[in-house]
There are 2 protein chains.
Amino acid sequence: MLNLTERQKQILALVIRDYIETGQPVGSQRLVEVYELTYSSATVRNEMGALTEMGYLRQPHTSAGRVPSEEGYRYFVGQLMGNTDLPVPTKRMIVHQFYQAGTDIERWMRLAASVLAHQSQAASVVTAPHSDTSVFKHIELINTRGRQVLMVLVMTNGEIRQQMLALAEPVTQEQLSQVAQRLNNLYQGLNVENIQASGSPLEALEQDITKLIIEDIRQSSHILGSEVYRDGLNHVLDDPEFSEEGGARRALRIIEERPLLEDLITRTVLSTELGGVQVLIGGEGTYEELRDCSVVLARYGHPDLATGTLGVLGPIRMPYGRTISTVRFVANLLSNLVVDLHAE
Amino acid sequence: MLNLTERQKQILALVIRDYIETGQPVGSQRLVEVYELTYSSATVRNEMGALTEMGYLRQPHTSAGRVPSEEGYRYFVGQLMGNTDLPVPTKRMIVHQFYQAGTDIERWMRLAASVLAHQSQAASVVTAPHSDTSVFKHIELINTRGRQVLMVLVMTNGEIRQQMLALAEPVTQEQLSQVAQRLNNLYQGLNVENIQASGSPLEALEQDITKLIIEDIRQSSHILGSEVYRDGLNHVLDDPEFSEEGGARRALRIIEERPLLEDLITRTVLSTELGGVQVLIGGEGTYEELRDCSVVLARYGHPDLATGTLGVLGPIRMPYGRTISTVRFVANLLSNLVVDLHAE
DNA sequence: TTTAGCACTCTCGTGCCGAGAGTGCTAAAA
DNA sequence: TTTTAGCACTCTCGGCACGAGAGTGCTAAA
């Protein structure tokens, strides 16, 4: 794993860079010419032979150039790539866009997905921030004509859930407001367990609504919160590597279908600390579904307030430097947003 | 346009049915054998020649079978197809699913998109119901720590908009509730124009919030409402006709990018009456972007309450009968939902 | 008006060939 | 011992020809 000479590292890095750029298998001679190496193509050939032996490179067939293996990409991302950062003008532009979005969380989410997709030319996913332990803040009951009542539930983290409920018999807005006020006083600042435990005597309507409240809070504690924002799905189709039969389909399904996405996020990101960016190359042996994809994921937010996940899915042949920096940068922006929303 | 003999109609219908099923150009002999026609392949050849002359059929090359032209599909859908309906068990299953979703609008939307995608094996889009002329019903202001205030705005049609606003200086929940109550009294049942016109003296905070209210109502009167639900984008990739370079990409972009979608909906559906289903085959000459797609769209809801749009995008070679009935059926379900939510 | 017969056309799969690219090995040079 | 030049070898890929198969259009008979 570590026994690479400096020259081997250099050649591996060049092969990967060149391949990422051109998409063509890269040969020894090309490498020497393009990057003006001080040693000959024969030497490069020997080294590439060694790297192939070690599993960092592959050759599609006997007489094509070399192509990085998943192992090779991983070594590159982990050891060779170095820490890249987005160019300042790009950062400025992104910040500006977010600035214009005001304080509308929904717009921030959409924008984050859009920026990720655009910058990395890949498909992106962003989940809304939510707290693992949602705390009741406020409830509002609004009469929408007759027996249909709109219930709006606000958590301390700013999350909102809404639901319609049908009553057995009509109730006036007066009565509803009274019920809401009573519940507000009772449950203010409590989490699910405490609400369940609070033994105040309730009338029928209040009991029903309390049940709904508990259910809603439970749901909002779920990993994916309520909303998932996606963008750049069309980029998946641009990538020539996905044009092979079925490749694109699998990739799309992962992003589109909630269960798959949820599984992915649960198993990888939740184990990452908040600042870090997780890179998953070619499924890493565990995920058959993303055999020929790479995923760059990060969590954002603040552990005490609310957290969310965002990430990018693209082909294995992906400009990792740029993608990783973008993901990190956007994650930071969103983290700041979360903190700001809760700041006093 | 009308001068088709009965036999020509029959042959045209059979060609289209067969092609939709198999995806292969259909020849005269196959037609006679499979559908046990009482006349010979030579006769069929003559008729197919005539149909080709008239522009309803095409031949990919001299010696392949015939393939429907866009004109042909249009004739088929308009004149030949007849009114199909979903099988009763299918309907029952769909209704059951919706029943289980309770009264959560968001879940209904997601479910509608999912059902459409699944039944028609194509990509689907559903927009949330909203009223063209949103009317103020209720506002709620909630203090979320310090100077950040959450504003929840409810319209008479049950639509909800939420927004964060930052105040210059901290305010207590008491004060916020008072402001909200005052605004509620003032604006109850008014639309944008009336709110703007109402000349009551307001203090600074109230003025700011009124501005936001107006802006929000304006936005919610926008065609696409706030949320667009999509599903089945992966089906776009399954279709062999989309595997040609770029075909799938264009299709995906139409669904994914708001402006394109908005344009499509504005120009087609808004001119349709509420019960009808609009079928757009191959762009109909106007839409270059969906040259090789067909779109089946419908509006749902109730003109006085709220309306939304839903539809399916797939390849031109699409099982129109099934798709159209599905779209119609789901549209009806959602219409009922809208009415129910407003029922007294 | 319909049908049988037949020549004609076009696609598609297969196999073959030569050009091109890149390798691996060997033997000489540093 | 390491690097390099040289060279034979391997493999892909684009063209091309060829034959099978499918379907048509036309003509002449029923």
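Quantities reported herein were computed from a predicted structural model and do not represent experimental measurements.
Within the 4.5 Å cutoff, the side chain of R317(A) has heavy atoms near those of the Y73(A) side chain. Between R58(B) and T52(B) there is no side-chain heavy-atom pair separated by less than 4.5 Å.
Atom CD of Q29(A) has 12 or fewer heavy atoms from other residues, nucleotides or ligands within 6.0 Å. Around the CD atom of Q10(B), the shell of radius 6.0 Å holds more than 12 heavy atoms that belong to other residues, nucleotides or ligands.
Not counting sequence neighbours, the partners of E257(B) by the salt bridge (charged side-chain N to carboxylate O under 4.0 Å, His left out) test are R253(B).
Ion pairing between a basic and an acidic side chain is recognised when a charged N comes within 4.0 Å of a carboxylate O; R17(A) and E21(A) show no such pairing.
Between T43(B) and dT2(C) there is no side-chain polar atom (N or O) within less than 4.0 angstrom of OP1 or OP2. Of the side-chain N and O atoms in R7(A), none sit less than 4.0 angstrom from OP1 or OP2 of dT2(D). Distances shown here put every side-chain N or O of Q59(B) at or beyond 4.0 Å from the OP1 or OP2 atom of dA22(D). Remark: R66(A) is in phosphate contact with dG24(C), judged by side-chain N or O atoms under 4.0 Å from OP1 or OP2.
In this entry dA21(C) has dT10(D) as its Watson-Crick or G-U wobble partner, both defining distances falling under 3.5 Å. With a 3.5 Å ceiling on both atom-pair distances, the Watson-Crick or G-U wobble partner of dA29(D) is dT2(C).
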Give every pair of a protein N or O atom and an N or O atom of nucleotides 7-15 of chain D that lie under 3.5 Å apart, one pair per line with the distance.
unit_1, atom_1, unit_2, atom_2, d
dC11(D), OP1, T62(A), OG1, 3.4

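Atom C1' of nucleotide dT24(D) and atom CG of L57(B) are separated by 14 Å, given to the nearest angstrom.
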Salt bridge (Lys or Arg N to Asp or Glu O under 4.0 Å) between R30(A) and D18(A), worked out: CA-CA 10 Å; R30(A) 172 183 168 85; D18(A) 197 78; 2.9 Å; yes
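Residue E47(B) is the one, among E47(B) and G65(A), whose nearest nucleotide of DNA chain C lies closer to the 5' end (criterion: closest heavy atom).
Taking CD1 of I255(A) as the reference point, atom CG of L264(A) lies at 9.0 Å (rounded to 0.5 Å).
Residues of residues 23-42 of chain A that place a heavy atom closer than 4.0 Å to DNA chain C, in numerical order, are G27(A), S28(A).
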